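Working notes, beginning with the structure itself.
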Amino acid sequence: MFAIVEQPISIQQLCEQVGSPAAGAIATFLGTTRQSNRGRRVLKLEYEAYPEMAVSEFEKIAALARTRWDLTAVAIVHRVGVVPLGQASVAIAVSAPHRREAIEACHFCIDSLKEVAPIWKKEHFEGGEVWIGSLADCDHGDDDSAGRAHHHPHDHAGGHAADAPVDPAQPRSRR
Amino acid sequence: MFAIVEQPISIQQLCEQVGSPAAGAIATFLGTTRQSNRGRRVLKLEYEAYPEMAVSEFEKIAALARTRWDLTAVAIVHRVGVVPLGQASVAIAVSAPHRREAIEACHFCIDSLKEVAPIWKKEHFEGGEVWIGSLADCDHGDDDSAGRAHHHPHDHAGGHAADAPVDPAQPRSRR
Amino acid sequence: MKLRVLYFGIVRERLGRRGEEIECAAGASVADLMTLLAQRNDIFALGAGTIRVAVNREYVDGDHGLADDDEVAIIPPVAGGRKR
Amino acid sequence: MKLRVLYFGIVRERLGRRGEEIECAAGASVADLMTLLAQRNDIFALGAGTIRVAVNREYVDGDHGLADDDEVAIIPPVAGGRKR
């Protein structure tokens, strides 16, 4: 029900996991890799996790959701490694007797996960790469920030973007 | 993207339909058959639709959602005929650049669908059957009503429930 | 004028048919048709407060004027609806 | 006392390692450890306002007291977080 995986996520399987004759509703959320972010053309995303703690945080999020809504089951899965464009990096499925509970709890779970899960995202874009939200990432981006993001000129000639210097001497993630 | 179907709904397929490199989020909702409703033990649900109008209403709901949120794609599918326990009768998938939009629009779509879609549900329960929401269905039930529903004694000896008389001489739904 | 009237759900089941052609005076409204139907079968009278009507696949009000060859659907309370 | 310190994301990348054992004075707090780390590499100083710390897989504050054999994770801003 709560996992860090290296393979593509099956939403069908997740729905089967939370499905139950006691549930009248299943709400799911999939976070997928977008082709552009703050005007940058994204090539791929790469995720890294602290897996043991991430799973423990997923469990805590689900337990908290259960105190607020009448739920049947909760499943939370995050993928690590390279996630190609259009594919899911995170999936949440919440089943409940009634639809409002399932949908609100699903929304709560993804918002909480984004806040607390020890998972890091490196964006590989045309002209560079950057750890999203980190020191070198100028305006602490997240999936909801594009609307108010600034556009930065970046180095299309190759190498790394001016606003996201990465020392090529340092090893890249192997996850 | 908008359909009335007679076969099981594939949530995987629906997500693929709305998935796009332009989308960062896919929210889905599945309405599934519950084993109990207002204390009645449900055996199966049977859905009937006015298919041409239902599809037209789905399209209108999606168009209205698009005026309120920045969405990438919307898919709405409802199954008709007998839907066994635990299986999905309705599925909605909404993709958007950002998660809040996808989730709120998905919630809006299922709420709207429940209001306006010309689709009828007959509940076959232990001891009888009833058209949900209809004249003979005492308190206008819907998926969210169980919490405030009354319990009615019903005829366990077979035949039809006292509160939901159905004339056996009349033909049953063949959908 | 001639109308194609469609029945669904509990109405279809009680009437034992999915629809029929009904002759109606030219200029009749949806309300006029419902009055006609209520005279034929009490399920229409019984459902007066809850039945909605769609003409050519759009919900309409009682004062909507009908035209020859209209497809008129009698819509009993739908599966999920609470308000109507 | 001996701590197992874990690095992730940008910190791991800049340091070029996933973690290490660090000797620390008995009774040291998380803040003490961060001061020690900041003296060794300026990424910790740079990230002082944004880095969170988890001890034995639970987020803790700077005044949390460390114990021998603790697993201390340095948590740079996470993928989705805006507040920290």
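Chain letters run A, B, ... following the sequence lines, proteins first, then strands; residues in each count from 1. Note that this is a predicted model, so its numbers are computed, not measured.
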ask   = Can you check salt bridge (Lys or Arg N to Asp or Glu O under 4.0 Å) on B:Asp111 and A:Arg99, steps first, answer last?
value = CA-CA 9 Å; B:Asp111 282 352; A:Arg99 69 179 183 271; 2.9 Å; yes
request  = Could you tell me the separation between the CG atom of B:Leu14 and the OG1 atom of A:Thr28, rounded to the nearest 0.5 Å?
outcome  = 9.5 Å
key: Closest heavy-atom pair and its distance - A:Gln12, B:Ser10   = OE1-OG, 3.8 Å
Residue among B:Ile110, B:Leu85, B:Ile103 with most heavy-atom pairs under 4.5 Å to chain A = B:Ile103
inquiry  = To the nearest 0.5 Å, what is the distance between CD1 on A:Ile26 and CD1 on B:Ile11?
reply    = 8.5 Å
Most chain B-contacting option - heavy-atom pairs closer than 4.5 Å, from A:Ala22, A:Cys106, A:Gly86 = A:Ala22
Chain B contact via A:Thr33 - side chain, backbone, both or neither, heavy atoms under 4.5 Å = backbone
task = Taking all non-hydrogen atoms of both residues into account, name the closest pair between B:Ala25 and A:Thr32 and its distance.
result = N-OG1, 3.6 Å
query = Can you say whether A:Ser89 sits under 4.5 Å from chain B via the side chain, the backbone, both, or neither, judging by heavy atoms?
reply = neither
inquiry  = Are more than 12 heavy atoms, taken from residues, nucleotides or ligands other than A:Gln13, located less than 6.0 Å from that residue's CD atom?
reply    = no
task = Heavy-atom pairs under 4.5 Å with chain B are the metric here; pick the option from A:Ala102, A:Ala27, A:Ala23 that has the most.
result = A:Ala23
